[in-house]
> 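Provided herewith is a single structure, encoded as structure tokens, for subsequent inquiry.
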Protein chains: 2
Amino acid sequence: MTSNTRTTALDNNGRLMVHGAGRIKIVDVASEAGVSVTTVSHVLSGRRPVSASTRARVEDVIQRLGYQADPSARGLRTQRTRTLGLVVPDITNPFNTAIAAGMQEIALAHEYLTVVCEAPMDGPHLPEVIRQLVARRIDGIVVGRYGATRQDLDRITASGSKLVRLGGPLAPGLGDVVRAAETEGMYDLVSHLVGRDYRRIAYIGGAPGVEPGEERFAGYRKALETAGLPVHQELVAWTSFTREGGRAGATAVLNATEPPDAVVCANDLIAIGALDTARAAGLRVPDRVAITGYDDIEAASLVSPALTTVLNPAREIGRSAAQLLLDRLEGEDSGPAREIVLAHRLVPRESA
Amino acid sequence: MTSNTRTTALDNNGRLMVHGAGRIKIVDVASEAGVSVTTVSHVLSGRRPVSASTRARVEDVIQRLGYQADPSARGLRTQRTRTLGLVVPDITNPFNTAIAAGMQEIALAHEYLTVVCEAPMDGPHLPEVIRQLVARRIDGIVVGRYGATRQDLDRITASGSKLVRLGGPLAPGLGDVVRAAETEGMYDLVSHLVGRDYRRIAYIGGAPGVEPGEERFAGYRKALETAGLPVHQELVAWTSFTREGGRAGATAVLNATEPPDAVVCANDLIAIGALDTARAAGLRVPDRVAITGYDDIEAASLVSPALTTVLNPAREIGRSAAQLLLDRLEGEDSGPAREIVLAHRLVPRESA
DNA sequence: CTGAAAGCGCTTACAG
DNA sequence: CTGAAAGCGCTTACAG
């Protein structure tokens with residue numbers, strides 16, 4: 001006790017913790033406050049009543065000594081790391097970082113850390129990254145929109161980690177789902193065009209059948225249908241989610257027998273490519289032809305004319321995913337799988 | 001021993017680890033291989049010679065059971081978390097994510113995790129984030145370009161964590177430094193303009209005196225000096241690092257008594273704003289006036305005309321920072337503070 | 001070349 | 001309302 005007190009006084013004295021050697025431990029707090037480590041622990045966790053006066057004294061000492069529980073020691077005991085993981089195909093993609101930012105916002109408030117891992121689409125990166133996260137005992141994992149196999153996902157849930165997927169079907173044993181209302185977003189965008197008297201509305205998609213593209217196309221069809229407008233086969237082009245794809249797709253639809261007065265693109269990059277084609281053909285946008293994007297990447301507002309597009313609520317997706325994970329982790333784990341669908345928001349600019 | 005073997009067999013059998021309960025531990029490996037946990041540990045770490053046959057047997061069992069050491073247990077013992085941290089003002093900024101990607105690339109290869117934390121410039125976020133990372137016992141921390149105070153940095157080194165700063169002076173006790181050759185990059189860019197016979201070269205800076213801006217301006221001056229060209233006061237405008245700033249700055253310099261034939265901008269956003277102004281004034285770029293950016297953000301290649309700019313080697317910065325940290329962590333810690341300077345790369349496009 | 005055992009810093013039954 | 005002690009899963013002196 002005496003020796004302990006002296007040590008503590010020394011730490012407290014000497015500008016706190018030199019070289020990690022004098023790091024304050026729970027036992028230092030306990031002896032300084034004249035209680036057991038059990039009590040200090042319970043003051044920290046609130047899992048057992050502690051008399052007001054004892055609590056106050058302990059909290060004061062914690063403050064004064066700047067005590068912070070060692071996460072490794074705590075983790076070893078609790079089998080929890082207080083860490084959330086996000087796996088995405090491309091860590092530099094702004095959507096993905098916005099998702100990460102949203103997760104972090106929620107996680108940090110609960111004293112959880114967030115790690116974001118990149119697992120490129122090509123090659124077998126995903127299983128390896130998942131293996132690493134599981135080995136690290138990450139408490140909850142968010143898996144981005146992917147070709148994640150059933151096996152990959154099972155690996156996560158089998159390890160005891162909680163799982164949230166960003167898209168895909170809701171199914172038991174596959175964790176919770178958070179996704180954006182893609183179909184509705186595109187429906188709103190096309191309806192916006194219809195409301196502005198555009199009638200021959202073309203569509204340039206990315207690869208057909210791929211998840212976000214498929215849903216966006218459905219929104220396009222539904223909006224035309226609602227407006228009593230036909231889907232002209234020659235006004236629909238399938239290409240890739242790139243600027244190059246947009247150029248090619250726009251060339252195709254703009255050369256239709258009866259050209260369109262608007263071109264709806266499956267994402268902003270395609271729309272920027274379509275803008276190139278329109279400019280090269282001397283077609284003024286939006287006077288001669290309207291062009292719209294989707295996602296609202298930074299460049300959408302920087303090109304000229306600025307793109308009318310739909311905002312992808314990425315940050316909100318991240319927030320929701322983290323909250324779902326924390327609910328399973330902190331609250332009761334039970335309850336059926338849940339799905340959260342987030343609304344998109346139309347961003348009208350100059351191009352349509 | 002018998003009971004242990006049975007347990008192991010069960011785990012091995014039952015589709016490995018159900019609910020984290022049957023997680024394989026070092027003792028399972030040891031009993032299955034018929035050696036002590038000491039030996040398994042040494043096979044893992046390589047810190048003690050193990051006979052070839054024993055090693056082979058143990059490695060086989062590790063493989064077969066899919067053993068992964070528990071990071072909390074290991075961390076508690078070694079006082080290391082095998083985690084690197086990156087602190088940046090804005091987690092959605094592509095530079096910062098590129099830095100994170102570079103760090104992760106190196107870190108993952110050494111079985112380190114990387115966490116990136118956002119601490120906005122405004123308000124007292126930085127001390128709080130640093131506190132969290134230190135409390136988490138993060139082994140090495142990279143602090144982005146900031147108004148980090150001496151006290152903030154001391155807090156990191158005092159805790160025993162290794163520190164790398166991205167910019168700022170090299171000084172003992174402040175960790176290692178990684179930075180890009182900003183001055184040289186701008187020098188090359190302006191020399192490129194001189195080589196293309198531009199002679200009245202204007203400069204639009206962000207806030208004067210701020211770190212990256214200051215160095216870029218120095219490169220501009222040096223290049224003009226080398227070419228025997230004067231720095232015209234009326235051709236230099238100070239504004240903010242935004243598109244709006246670029247518009248205002250361009251309006252100022254383009255309305256000079258004797259207008260410039262080229263406008264060098266301190267970053268890409270400013271250049272995109274300058275492009276707006278030139279377009280509005282009916283000035284063709286680059287025929288009537290050349291415009292250049294700096295950083296090579298995604299939008300730089302998406303605007304029209306595409307921006308001539310300088311690539312910021314962000315990913316490489318991340319790699320170097322992680323390597324520096326790992327050197328201190330894995331090798332000997334000693335040695336004086338080091339600085340790594342990374343070359344920029346000129347990216348000629350249409351605008352100059 | 002190998003093993004038995006201490007101990008890292010916590011949390012949590014168990015006991016009062 | 002509080003405390004003594006076991007134990008989480010590793011690594012590493014110490015010993016042979």
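Each chain gets a letter, A, B and so on, in the order its sequence line appears, and its residues count up from 1. Heavy-atom basis, side chains included; hydrogens, waters and symmetry copies ignored.
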> Among D:dC8, C:dG3, D:dT11, find the nucleotide with the atom closest to the side chain of A:R77.
D:dC8
> Would you say A:S51 places a side-chain N or O within less than 4.0 Å of OP1 or OP2 belonging to D:dT2?
yes
> Hey, does the side chain of A:S36 come within less than 4.0 Å of D:dT2's phosphate (OP1/OP2), counting only N and O?
no
> Using the P atoms only, state how far D:dA13 lies from D:dG9, rounded to an integer number of Å.
23 Å
> Between B:Y67 and B:E32, is a side chain to side chain donor-acceptor pair (under 3.5 Å) present by the stated rule, with each step listed?
CA-CA 12 Å; B:Y67 170 70; B:E32 179 79 6; over 6 Å; no
> Which dot-bracket notation, 5' to 3', represents the base pairing of DNA chain D when pairs are defined as Watson-Crick or G-U with both distances under 3.5 Å, crossing pairs as [ ], and inter-strand pairs as |?
|||.||||||||.|||
> Output the rounded distance in Å from CZ (A:R23) to C1' (C:dG9).
12 Å
> Could you go through A:T38 and A:S41, starting from their C-alpha distance and side-chain angles, then the distance that decides it, and tell me whether this counts as side chain to side chain donor-acceptor pair (under 3.5 Å)?
CA-CA 5 Å; A:T38 306; A:S41 180; over 6 Å; no
> For a quick test of reading the model: is some side-chain N or O of B:T39 closer than 4.0 Å to OP1 or OP2 of C:dG3?
yes
> Give a yes/no on whether any side-chain N or O of B:R47 is located under 4.0 angstrom from OP1 or OP2 of D:dT12.
yes
> In terms of the nearest nucleotide of DNA chain C, which residue is placed more toward the 5' end: B:V50 or B:A73?
B:V50
> Between atom NZ in B:K25 and atom C1' in D:dT11, what is the gap in whole Å?
16 Å
> Please give the distance between the P atoms of C:dC14 and C:dC10 as a whole number of Å.
23 Å
> Give the rounded distance in Å between these two atoms: CD of A:Q79 and C1' of D:dC8.
6 Å
> Determine the contact category for A:S41: base if any of its heavy atoms lies under 4.0 Å from a base atom, sugar-phosphate if only primed atoms, P, OP1 or OP2 are that close, otherwise nothing.
base
> Would you kindly give the CD1-to-C1' distance between A:I26 and C:dG7, to the nearest whole Å?
17 Å
> Applying a 4.0 Å non-hydrogen cut-off, can you work out what A:T38 is touching in the nucleic acid: base, sugar-phosphate, or nothing?
base
> Rounded to the nearest 0.5 Å, what's the gap from OG1 on A:T78 to CZ on A:R137? Could you check?
12.0 Å
> When you measure from the side-chain N and O atoms of B:Y67 to the phosphate of D:dG9, is any distance below 4.0 Å, counting only OP1 and OP2?
no
> How far apart are the closest heavy atoms of B:L170 and B:G175, and which atoms are they?
CD1-O, 4.3 Å
> For the CG atom of A:L153 and the CG atom of A:L163, what is their distance to the nearest 0.5 Å?
5.5 Å
> Where is the tightest heavy-atom contact between B:L174 and B:R165, given as atom of each residue plus distance?
O-NE, 3.0 Å
> Atom CG of A:L44 and atom P of C:dT11: how far apart are they, to the nearest Å?
6 Å
> Would you kindly give the CG-to-C1' distance between B:L76 and C:dG9, to the nearest whole Å?
5 Å
> Run B:R131 and A:Q68 through side chain to side chain donor-acceptor pair (under 3.5 Å) and show every step you take.
CA-CA 10 Å; B:R131 193 195 60 73; A:Q68 296 274 160; 2.5 Å; yes
> Specify the separation, in whole Å, of atom NE2 of A:H42 and atom P of C:dC14.
13 Å
> Let's see if you can work this out: which of D:dT2, D:dG9, C:dC8 has an atom nearest to the side-chain heavy atoms of B:D70?
D:dG9
> Give the rounded distance in Å between these two atoms: CZ of B:R137 and C1' of C:dC10.
11 Å
> Out of C:dA4, C:dG7, C:dT11, which has the shortest distance to the side chain of A:V37?
C:dT11
> Using a 4.0 Å heavy-atom cut-off across all strands, classify B:T54 as base, sugar-phosphate, or nothing.
sugar-phosphate
> Heavy-atom count check: over 12 atoms from other residues, nucleotides or ligands less than 6.0 Å from B:R47 CZ?
no
> With a 3.5 Å cut-off and just heavy-atom distances, do the side chain of B:R48 and the base of C:dT2 make a donor-acceptor pair?
yes
